Amino acid sequence: MSSNTVRTRFAPSPTGFMHVGNLRTALYAYLIAKSQGGKFILRIEDTDRNRYVEGAVDVIYRTLATAGLLHDEGPDVGGEYGPYVQSERKNMYRPYAEQLVESGAAYYCFCDKTEHDSNGEDVSENPDQECCCRNLDPAIAKARVAAGEPFAIRQKINKEGISTYSDAVFGEITIENKVLDDQILLKRDGMPTYNFANVIDDHTMNITHVVRGSEYLPSTPKYNLLYAAFGWQPPEYVHLPMIMGRNEDGTIAKLSKRHGSVSFESLAAEGYLPAAIVNYIALLGWSPKNDREIFSFEELVSMFKISGLNKSAAVFDYDKLKWMNSEYIKAMAPAEFAKCSKEFAKIAGTNVETYWDMLAGLLQPRTEILSEIPGKIAFLLEQPEYDTSLFNNKKSKCNPEIALTILQELLPMYEALENWTPESITELVTGYAQTKEMKLGLPMWALRIAVSGCAVTPGGPGEIMTVLGKPEAIKRINQALKMLA
RNA sequence: GUCCCUAUCGUCUAGAGGCCUAGGACACCGGGUUUUCAUCCCGGCAACCAGGGUUCGAAUCCCUGUGGGGAUGCCA
């Protein structure tokens with residue numbers, strides 16, 4: 001393997017669901033690697049045992065696979081840098097941490113854990129105070145460890161001077177070392193913290209570009225100090241702008257569950273197409289620098305450039321996602337749409353199923369998300385209650401009185417109609433309109449209301465009456481007549 | 001509190017000193033086509049946070065202020 005191959009990793013913790021923000025991080029990490037012929041690695045960050053959720057890793061695999069982000073290395077596919085699950089690497093971290101203790105870049109800490117309230121707020125009295133163990137005699141500390149006293153290992157940060165590093169999207173970041181805290185490297189339970197495990201794993205896995213959210217911008221100098229203490233070359237940092245959600249009161253905050261469906265799977269369950277979700281989030285914080293918005297996955301790979309990454313946070317806009325989803329739906333092959341929409345329609349075993357191909361053709365241009373479909377076709381399965389005021393229509397000049405007359409005249413004609421197809425049903429009403437010298441829209445409106453009870457329907461009377469079948473259609477016209485009389 | 005980041009239409013964004021009376025898209029509002037709705041066309045509304053500099057010239061560079069977000073966990 002050539003030494004300059006780009007290697008990025010996606011390092012989620014198995015929490016049970018994949019936030020679209022995480023998915024976008026994965027997407028960009030994937031694109032950065034693949035647009036440069038590199039490798040994309042999946043690593044599971046499960047160092048917090050309390051957070052472990054059964055089946056959560058499968059959600060990650062499933063989401064990445066569905067989204068098309070196939071990893072070259074990972075727990076399930078293997079690779080030469082394994083294991084790819086941090087809990088399985090547990091024994092690797094302590095020697096590294098102890099190496100830092102030896103060199104003076106870290107120290108043993110015997111303090112109790114800092115207390116935090118339910119909001120994660122530090123409720124200890126002097127949160128910013130330096131730990132008392134920082135200046136313990138190393139020999140004494142070592143003896144206490146040897147005696148079996150529980151300990152953690154903290155990073156010993158030299159508070160003098162400033163740290164500057166360069167981020168691929170945010171540019172130069174400068175932070176005074178005195179604001180950096182002596183973060184925990186190795187927890188009491190022997191597990192590394194996320195921050196420490198990342199440095200060790202990213203280095204030992206040869207990761208060249210660390211792609212993560214911008215919330216890590218201020219803590220990155222601590223990582224660099226660690227790299228320096230080991231004598232390692234820090235990776236290229238690519239910090240990503242955050243994704244925000246709008247609260248009910250109009251303020252914005254980091255996108256979370258309270259803003260609606262924010263996991264890939266829940267979005268998919270609502271009827272958003274995976275490709276549309278991926279396309280949409282690709283544009284949330286990245287621009288191809290032209291006016292195009294719809295990209296195939298392959299196009300994304302070939303057009304992606306780090307320089308197109310934006311610095312400011314972006315608000316997740318469900319309206320735009322919906323629009324993009326509708327574009328993807330319209331672009332689907334009709335047969336494909338008929339197939340995938342059918343599962344959402346919930347029509348198994350009904351008369352509607354028989355005519356699904358025809359209905360799907362009607363639905364395809366007017367569906368934004370698949371979950372809207374049951375509502376759009378409910379009137380076909382069961383006649384809805386409606387008010388005769390629905391017969392009023394300004395454009396076609398229809399009203400309940402005129403509708404009564406029209407339906408009275410049309411009813412026997414339909415009863416006599418043998419060939420019951422969309423074409424013949426429409427032909428009949430067309431001929432009727434011509435004979436009566438009325439605009440076609442008028443009897444069409446009256447008929448539509450009578451057989452559907454809805455002002456808006458996919459398709460017109462021809463299709464609707466076909467799906468309903470002759471007996472049901474006649475029945476509904478008779479009912480309308482009764483209401484109008 | 002301290003630190004970091006950020007700032008163009010309501011939203012996503014283009015814009016890297018003159019091409020900008022600021023472009024595209026979503027949403028919204030009109031109009032046309034259509035048996036309804038939708039699709040599809042066509043049009044409209046709508047933004048450079050404020051104040052100082054630098055410059056012949058600033059949305060673009062610098063400073064300050066303000067707004068917004070984030071970090072400050074033995075969470076990730």
Side-chain angles (χ1 to χ4, degrees), chain A residues 11-13 15 22 45-48 50-51 109 111-116 120-122 127-128 150-154 167 170-171 173-176 178-181 183-189 191-195 197-198 212-221 239 241-242 244 246 250-254 280 283-294 307 310-324 326 330 362-368 376 393 395-396 426 429-430 433 439-449 452 454-462:
Chain A
S13 60
T15 59
N22 290 132
E45 310 239 331
D46 60 346
T47 54
D48 185 1
N50 301 326
R51 282 215 196 174
C109 170
C111 299
D112 288 335
K113 289 167 79 168
T114 316
E115 294 299 319
H116 289 88
E121 292 297 317
D122 190 336
D128 290 330
F151 68 93
I153 293 179
R154 300 184 95 112
D167 179 80
F170 287 89
I173 306 289
T174 300
I175 289 173
E176 289 186 86
K178 67 180 179 199
V179 305
L180 268 21
D181 64 314
Q183 64 178 345
I184 301 285
L185 267 20
L186 204 70
K187 301 187 256 189
R188 247 173 213 249
D189 63 5
M191 280 292 207
T193 56
Y194 163 86
N195 301 298
N198 258 270
R212 50 161 41 156
S214 66
E215 61 268 31
Y216 294 102
L217 239 21
S219 57
T220 299
H239 285 96
M242 310 238 293
M244 315 299 285
R246 190 172 293 286
T251 57
I252 62 170
K254 211 167 168 174
Y280 175 71
L283 260 18
L284 254 195
W286 173 79
S287 167
K289 307 284 184 186
N290 59 38
D291 290 343
R292 275 196 64 189
E293 300 201 282
I294 307 288
S307 60
N310 218 306
K311 291 194 251 211
S312 50
V315 177
F316 192 91
D317 183 6
Y318 288 92
D319 279 335
K320 187 134 188 182
L321 207 213
K322 259 188 194 170
W323 165 77
M324 192 165 281
S326 74
K330 275 177 273 196
L362 262 15
L363 254 7
Q364 191 168 357
R366 63 198 82 204
T367 300
E368 286 193 302
K376 288 185 192 293
N393 181 267
K395 202 173 157 193
S396 67
T426 304
V429 67
T430 308
K439 284 223 168 143
L440 181 58
L442 179 52
M444 280 288 196
W445 184 267
L447 252 192
R448 175 203 312 284
I449 303 301
S452 73
C454 300
V456 175
T457 58

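Reminder, nothing fancy here: chain letters follow the sequence lines and each chain counts from 1. The figures here come from the full heavy-atom set of this structure, side chains too, leaving out hydrogens, waters and symmetry mates. Since this is a predicted model, take the numbers as computed values, not measurements.
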Trainee: What's the CH2-P distance between A:Trp323 and B:rC26, to the nearest Å?
Mentor: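 Result: 5 Å.
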Trainee: Just checking A:Arg246: base, sugar-phosphate only, or nothing, at a heavy-atom cut-off of under 4.0 Å?
Mentor: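 The residue A:Arg246 makes sugar-phosphate contact but no base contact.
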Trainee: Tell me which nucleotide among B:rU36, B:rU13, B:rA38 gets nearest to the side chain of A:Thr457.
Mentor: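 Of the options given, the side chain of A:Thr457 lies nearest B:rU36.
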Trainee: First locate atom CD1 of A:Ile294, then atom CH2 of A:Trp323, and finally report the distance between them rounded to the nearest 0.5 Å.
Mentor: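 A:Ile294 CD1 to A:Trp323 CH2: 4.5 Å, rounded to 0.5 Å.
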Trainee: Taking any heavy-atom pair under 4.0 Å as a contact, classify A:Ile173: base, sugar-phosphate, or nothing.
Mentor: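 Sugar-phosphate only.
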Trainee: Please state whether the phosphate of B:rA14, meaning OP1 or OP2, lies under 4.0 angstrom from any side-chain nitrogen or oxygen of A:Asn310.
Mentor: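 Yes, such a contact exists.
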Trainee: Return yes if the base of B:rA27 and the side-chain atoms of A:Tyr318 contain a donor-acceptor N/O pair under 3.5 Å, otherwise no.
Mentor: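 Between B:rA27 and A:Tyr318, which were checked side chain against base, a qualifying N/O pair under 3.5 Å is absent.
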Trainee: A:Met242 side chain: which of B:rU6, B:rG70, B:rA25 is closest?
Mentor: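 Between B:rU6, B:rG70, B:rA25, the one nearest the side chain of A:Met242 would be B:rG70.
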Trainee: Hey, could you give me the CD/CE distance between A:Glu215 and A:Met242, rounded to the nearest 0.5 Å?
Mentor: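 It is 5.5 Å, given to the nearest 0.5 Å.
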Trainee: Of all the nucleotides listed (B:rC40, B:rA27, B:rG69), which has the minimum atom distance to the side chain of A:Ile252?
Mentor: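 In terms of side-chain proximity for A:Ile252, the closest of B:rC40, B:rA27, B:rG69 is B:rG69.
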Trainee: How many whole angstroms separate atom OH of A:Tyr216 from atom C1' of B:rG70?
Mentor: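 From A:Tyr216 OH to B:rG70 C1': 12 Å.
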Trainee: Report yes if at least one side-chain N or O of A:Lys254 is closer than 4.0 Å to OP1 or OP2 of B:rA71; otherwise report no.
Mentor: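 The answer is yes; a side-chain N or O of A:Lys254 sits under 4.0 Å from OP1 or OP2.
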Trainee: Please report the distance, rounded to the nearest Å, between NE2 in A:His239 and P in B:rU6.
Mentor: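 About 13 Å, once rounded to whole Å.
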Trainee: With a non-hydrogen cut-off below 4.0 angstrom, is A:Cys454 in contact with a base, only sugar-phosphate, or nothing?
Mentor: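 Nothing, no heavy atom under 4.0 Å.
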Trainee: Does a side-chain N or O from A:Lys439 land closer than 4.0 Å to OP1 or OP2 of B:rU35, or not?
Mentor: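 So the side-chain polar atoms of A:Lys439 never come under 4.0 Å of the phosphate oxygens OP1 or OP2 of B:rU35.
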Trainee: Tell me which nucleotide among B:rC12, B:rU11, B:rG69 gets nearest to the side chain of A:Ala314.
Mentor: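 Closest nucleotide to the A:Ala314 side chain: B:rC12.
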Trainee: Would you measure the distance from the C1' atom in B:rC26 across to the matching atom in B:rA71 and give it in whole Å?
Mentor: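 Comparing C1' positions in B:rC26 and B:rA71 gives a spacing of 32 Å.
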Trainee: Is A:Lys376 reaching over with its side chain to a backbone N or O of A:Thr367, donor-acceptor style, under 3.5 angstrom?
Mentor: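 Absent.
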Trainee: Which part of the nucleic acid, if any, lies within reach of A:Met324 when heavy atoms closer than 4.0 Å are counted: base, sugar-phosphate only, or nothing?
Mentor: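 Answer is nothing: A:Met324 stays at 4.0 Å or more from every strand.
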Trainee: What nucleotide, of B:rC75, B:rG69, B:rC26, holds the atom closest to the side chain of A:Asp48?
Mentor: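 From the listed options, B:rC75 comes nearest.
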Trainee: Taking atom P in both B:rC42 and B:rG70, what distance in whole Å separates the two?
Mentor: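 The answer is 41 Å between these two P atoms.
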Trainee: Is the distance from OP1 or OP2 of B:rA76 to the nearest side-chain N or O of A:Lys187 less than 4.0 Å?
Mentor: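 Checking A:Lys187 against B:rA76: at least one side-chain N or O falls below 4.0 Å of OP1 or OP2.
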Trainee: Which value, in whole Å, describes the distance between the C1' atoms of nucleotides B:rA22 and B:rC48?
Mentor: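 8 Å, rounded to whole Å.
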Trainee: In terms of heavy-atom contacts, does NZ of A:Lys178 have more than 12 from other residues, nucleotides or ligands at under 6.0 Å?
Mentor: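 At most 12 heavy atoms, drawn from other residues, nucleotides or ligands, come within 6.0 Å of this atom.
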Trainee: Grab the CG-C1' distance between A:Asp291 and B:rC12 for me, whole Å please.
Mentor: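 Distance, rounded to whole Å: 13 Å.
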Trainee: From the set B:rA25, B:rC40, B:rC3, return the single nucleotide nearest to any side-chain atom of A:Ile175.
Mentor: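 Nearest listed nucleotide: B:rC3.
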Trainee: For A:Leu283 and B:rU11, give me the distance from atom CG to atom C1', rounded to whole Å.
Mentor: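 Result: 13 Å.
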Trainee: Please give, in whole Å, the distance from B:rC12 C1' to A:Met244 CE?
Mentor: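 The answer, rounded to whole Å, is 15 Å.
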Trainee: What's the closest nucleotide to the A:Glu45 side chain, out of B:rA76, B:rC12, B:rA71?
Mentor: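 The answer is B:rA76, which lies nearest to the side chain.
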Trainee: Counting any heavy atom closer than 4.0 Å, what does A:Ser396 reach on the DNA or RNA strands: base, sugar-phosphate only, or nothing?
Mentor: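 Since no nucleic acid heavy atom lies under 4.0 Å of A:Ser396, the category is nothing.
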Trainee: Just compare B:rC37, B:rC5, B:rA76 and give me whichever is closest to any side-chain atom of A:Arg366.
Mentor: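 Looking only at heavy atoms from C-beta outward on A:Arg366, the closest nucleotide is B:rC37.
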Trainee: Return the nucleotide paired to B:rA7: Watson-Crick means purine N1 to pyrimidine N3 with N6-O4 or O6-N4, wobble means G-U with N1-O2 and O6-N3, both under 3.5 Å.
Mentor: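 Paired with B:rU66.
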Trainee: Taking side chain as C-beta onward, heavy atoms only, is A:Met324 less than 4.5 Å from A:Asp317?
Mentor: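 No, their side chains stay 4.5 Å or more apart.
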Trainee: Whole Å only: how far is the CG atom of A:Leu185 from the P atom of B:rC75?
Mentor: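 Taking atom P of B:rC75 as the reference, CG of A:Leu185 is at 13 Å.
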Trainee: Any idea which of B:rU34, B:rG68, B:rC12 is nearest the A:Lys395 side chain?
Mentor: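 Nearest nucleotide to the side chain: B:rU34.
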Trainee: Applying a 4.0 Å non-hydrogen cut-off, can you work out what A:Ser214 is touching in the nucleic acid: base, sugar-phosphate, or nothing?
Mentor: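 A:Ser214: no heavy atom of the nucleic acid under 4.0 Å.
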Trainee: Less than 4.0 angstrom between a side-chain N/O of A:Thr174 and OP1 or OP2 of B:rC4, yes or no?
Mentor: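 Negative; the distance criterion is not met.
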Trainee: What's the separation between atom SG in A:Cys111 and atom CZ in A:Arg188, rounded to the nearest 0.5 Å?
Mentor: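 Going from the SG atom of A:Cys111 to the CZ atom of A:Arg188 covers 8.5 Å.
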Trainee: Quote, to the nearest angstrom, the C1' distance that separates B:rC41 from B:rU33.
Mentor: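 Roughly 8 Å separates the two C1' atoms.
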Trainee: On a whole-Å scale, what distance lies between the C1' atoms belonging to B:rC3 and B:rA50?
Mentor: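 It comes out at 24 Å once rounded to the nearest Å.
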Trainee: Look at the side chain of A:Asp317 and decide which nucleotide, out of B:rA25, B:rC74, B:rC26, has an atom nearest to it.
Mentor: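 For the A:Asp317 side chain, the nearest candidate turns out to be B:rC26.
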Trainee: For RNA chain B, whose closest nucleotide is more 5', that of A:Gly462 or that of A:Lys330?
Mentor: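 Checking each residue's closest nucleotide, the 5'-ward one belongs to A:Gly462.
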Trainee: Between A:Lys320 and B:rC12, does any side-chain N or O lie under 4.0 Å from OP1 or OP2?
Mentor: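 So the side chain of A:Lys320 is outside the cut-off, no N or O lying under 4.0 Å from OP1 or OP2 of B:rC12.
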Trainee: Run A:Leu217 and A:Ile173 through side chain to side chain contact (heavy atoms under 4.5 Å, CB included) and show every step you take.
Mentor: CA-CA 8 Å; A:Leu217 239 21; A:Ile173 306 289; 4.3 Å; yes
Trainee: To the nearest angstrom, how far is A:Glu293 atom CD from B:rG23 atom P?
Mentor: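 It is 16 Å, rounded to the nearest whole Å.
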Trainee: Working to the nearest 0.5 Å, report the span between OG of A:Ser287 and CD of A:Glu293.
Mentor: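 Separation between the atoms: 9.0 Å.
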Trainee: Given the C1' atoms of B:rA46 and B:rG30, what is the spacing between them in whole Å?
Mentor: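 These two C1' atoms come out 15 Å apart once rounded.
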Trainee: Using heavy-atom distances to pick each residue's nearest nucleotide on RNA chain B, tell me which of A:Pro12 and A:Leu321 is more 5'.
Mentor: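 Result: A:Leu321.
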